[in-house]
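Take a look at the structure set out below.
Throughout, protein chains are lettered first and strands after them, A, B, ... in sequence-line order, and every chain is numbered starting at 1. Being a predicted model, the structure only gives us computed values, none of them experimental.
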Amino acid sequence: MGWTAVRKIFAEAGQLLNQELEVRGWIRTQRESKNFAFIELNDGSCFKNLQVVYSDKLANFATVAKFPLGTSLKVTGTLVPSPAAGQPFELKAEAIEAIGLSALDYPLQKKRHSFEFLRTIPHLRPRTNTFMAVFRVRSLLAYALHTFFHERGFVYVHTPIITASDAEGAGQMFRVTTLDPKSPPLDERGAIDFSQDFFGRETNLTVSGQLNVEGFCLAFNKVYTFGPTFRAENSNTQRHASEFWMIEPEIAFADLGDNMELAEDMLKFVIRFVLEHAPQEMEFFNRFIDTSLLQRLQHVVEAKFEHVTYTRAVELLQQADMKFNFPPEWGKDLQTEHERYLSETIFQKPVFVTDYPKEIKAFYMRLNDDNRTVAAMDLLVPDVGEIIGGSQREERHDVLKKRIMEMGLKVEDYEWYLNLRKFGGAPHAGFGLGFERAVMYLTGMENIRDVIPYPRTPKSAEF
RNA sequence: UCCUCAGUAGCUCAAUCGGCAGAGCGGAUGGCUGUUAACCAUUAGGUUGGGGGUUCAAGUCCCUCCUGAGGAGCCA
């Protein structure tokens, strides 16, 4: 590259001052007077813009002054101290040349746009401050997670996107098929004959890599998956998308306590990592998106997470001086309002709720000695809600088989999964972290559609 | 899927009881010797989400559909 990144200019301004430089980027804003003008140039390497100043000494001064916002530029000039307040230095241009002109109907203006409008132009919104910050943090968070696990000896496992079984018996799935929807082959009973489908059976997009990764856990001990998952639920909320990413670690010779310790360490590590590596972006979020963000994250990094059993949580909610739309009751799942009250009012920090009634949890969760609860845990965080869900897995072959049958699932579908308990089974545990929810938690963004580059939600899969 | 709210210029929003559809920003044109979402002046820009109805008259009231948002459920 024959040009200098703006990130480098900000980092090494001292050495670069009074030197001739070339930069390339896009016009964020432009302010012109009769004899001189200013361009705020962003090259994507850094959150901040570089101010370019040019005068009518440039032969093409009038032309450049007419460049629409969004135009991509090549600028050569000298880095000089800025005489005006607002920026420590600026590039005094000796030549400015358009690489790609923008059209006059460029939709991004020098003013605040609503997030709703920006969702209609997901291909252009990364050129705004907020989305540039969001997607840099998203990228950094992925890197932080990989770093955390690799430093601890975890193996990254790529579980399949196309699956043959429904992992948890919960959640609508997207069917994967090459059959002609207008005239699918039928069997003798008139049902669709999936034996003639591409894979010779019914297949779907994955809703979780957990069951698959358990096999690798019982070989590598410490493993994780990190990839896209798909849910065909018709849920319309700020926190749900049809396509989202999940991180699912799984550790062997471990119980629920080890699992929670891992979750807490992971969350604290990635928060510290992002605070350290994206200070400008985080400062921006704290200023314009959520003014209590940095304080809250700092608090989480320093706090010891709370632990409370489901049974105790229900008691606390029943004793609370608070009128709930749904009265808390043992045996029923916690409502969103209950979860919020626990994390935001009672504990005011992340809290693990553990040992849920077996009836409301998945079949693979380990049955406790009381025979009525399972070794499950949900991590509830203020403002975002459930961010992690996990459990110690049932390692006892007979108990697991019994649970599969109790839940009305077909044992033959889970033969391979039962096999893991037959051939050298071991206690193991794991959890799932919703990647987008973590991004929301770290940025203060309130809508999941604003932390996914091209979000997919019910009735919405444009671009 | 259910409940609630909303849809007016490219964007963000006004429009009183049903009575001539407006402003700021953005665009165009001109002015301005250091701007910081620059400033000043002029100007263009509308099938008020689609369809139907009530009325002398509908952006406004009614029906319906579409789209978006918030909440609930489901969950991560």
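Rounded to a whole Å, the CG atom of A:N35 is 15 Å from the C1' atom of B:rG30.
At least one test fails for A:R239 against the ring of A:F244: distance under 6.0 Å to the centre or angle within 45° of the axis. For the pair A:K268 and A:F305, the cation sits on the ring face: its NZ or CZ lies under 6.0 Å from the ring centre, inside 45° of the axis.
Here A:T237 lies in heavy-atom contact (under 4.0 Å) with a base. Residue A:T229 is classed as having no contact, given no heavy-atom separation below 4.0 Å to the nucleic acid. At a threshold of 4.0 angstrom between heavy atoms, the contacts of A:R119 are confined to the sugar-phosphate backbone, with no base atom among them. Base engagement by A:N236 is indicated by at least one non-hydrogen atom pair under 4.0 Å involving a base atom. No contact: A:D105 has no heavy atom under 4.0 Å from any strand. Note on A:K92: nothing from the nucleic acid sits closer than 4.0 angstrom, heavy atoms only. The residue A:F38 sits close to a base: some heavy atom pair falls under 4.0 Å.
A donor N or O paired with an acceptor N or O is not found under 3.5 Å between the base of B:rU35 and the side-chain atoms of A:Q30. Applying the 3.5 Å distance criterion, the base of B:rU35 shares no donor-acceptor pair with the side chain of A:E32. Side chain A:H113 to base B:rC11: no donor-acceptor pair is found below 3.5 Å. Side chain A:Q109 to base B:rG10: a donor-acceptor pair is found below 3.5 Å.
We find that A:R366 and A:D355 are not joined by a salt bridge, their nearest charged nitrogen and carboxylate oxygen being 4.0 Å or further apart.
The aromatic rings of A:Y224 and A:F149 lie parallel to each other, their planes meeting at an angle below 30°, with 60° marking the opposite boundary.
Side chain of A:K110 to main chain of A:L69: no donor-acceptor pair is present (N/O by atom type, distance under 3.5 Å, no hydrogens or angles).
Residue A:E90 places its side chain closer to B:rG34 than to any other of B:rG70, B:rG34, B:rU33. Across B:rA37, B:rG70, B:rG34, the shortest atom-to-atom separation from the side chain of A:R112 is found for B:rA37. Nearest nucleotide to the A:S235 side chain, out of B:rG73, B:rG34, B:rU33: B:rG73.
Each of A:K110 and A:Q87 lies near RNA chain B, and the nucleotide nearest A:Q87 is the one positioned closer to the 5' end. Toward the 5′ end of RNA chain B lies the nearest nucleotide of A:F36, the other residue of the pair A:F36 and A:P458 mapping further downstream.
Phosphate contact (OP1/OP2 of B:rG71, side-chain N/O of A:Q238, threshold under 4.0 Å): present. Of the side-chain N and O atoms in A:T336, one or more sit less than 4.0 angstrom from OP1 or OP2 of B:rG73.
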